[in-house]
Amino acid sequence: LARAAGCLCLGICNTVGSSIARETDGGVYLHAGPEIGVASTKAFSAQLVALTLIALKLGKERETLSPEELSANLGAMLALPDQLRCVLEQKGTVFEMAKVLIS
């Protein structure tokens with residue numbers, strides 16, 4: 001529908017040459033790497049980050065996002081790696097809690 005209406009179609013995908021990449025006018029390649037454990041976790045997380053950055057850019061360009069809001073949101077995104085690292089460091093505790101819940 002969008003293309004028929006003359007709109008530019010952008011895709012966000014993890015793999016160069018994917019059907020999304022072929023069917024869109026342009027886009028963002030995530031390069032999140034192959035999934036090993038849980039299917040699509042890395043790609044999904046990377047998509048959320050890419051979409052958030054696009055939304056922040058649009059908010060800035062349209063002047064619907066104040067400089068303070070932009071700065072706060074970018075700061076929160078920069079803090080994500082450390083926050084994720086902190087969560088992952090607690091996997092032993094989470095595993096022990098899961099064992100208690102299962103029994």
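Values below: all heavy atoms of this structure, side chains included; hydrogens, waters and symmetry mates excluded.
Distance check: Y29 OH to I12 CD1 gives 12.5 Å after rounding to the nearest 0.5 Å.
The two residues A46 and L30 have their closest heavy-atom pair at O-CD2, 3.7 Å. The shortest heavy-atom contact between H31 and V16 is CE1-CG2, 4.2 Å. What you find for A21 and C13 is that their closest heavy atoms are CB-SG, 4.0 Å.
More than 12 non-hydrogen atoms from other residues, nucleotides or ligands lie less than 6.0 angstrom from CD of E69. For M77, the CE atom sits in a packed shell: over 12 heavy atoms of surrounding residues, nucleotides or ligands are nearer than 6.0 Å. The environment of CD in E63 is sparse: at most 12 heavy-atom neighbours from other residues, nucleotides or ligands sit within 6.0 Å.
A donor-acceptor contact shorter than 3.5 Å is absent between the side chain of S71 and the backbone of P67. At distances below 3.5 Å, not a single donor-acceptor pair connects side-chain atoms of D25 with backbone N or O atoms of L8.
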Could you go through residues 79-88 and list every donor-acceptor pair under 3.5 Å that involves a side-chain atom there, pairing it with any protein atom two or more places apart or in another chain?
residue, atom, partner, partner atom, Å
D82, OD1, R85, NH2, 2.9

Listing, residues 47-58 side-chain donor-acceptor contacts under 3.5 Å, not counting sequence neighbours, or none:
residue, atom, partner, partner atom, Å
T52, OG1, L48, O, 2.7
K57, NZ, E61, OE2, 2.9

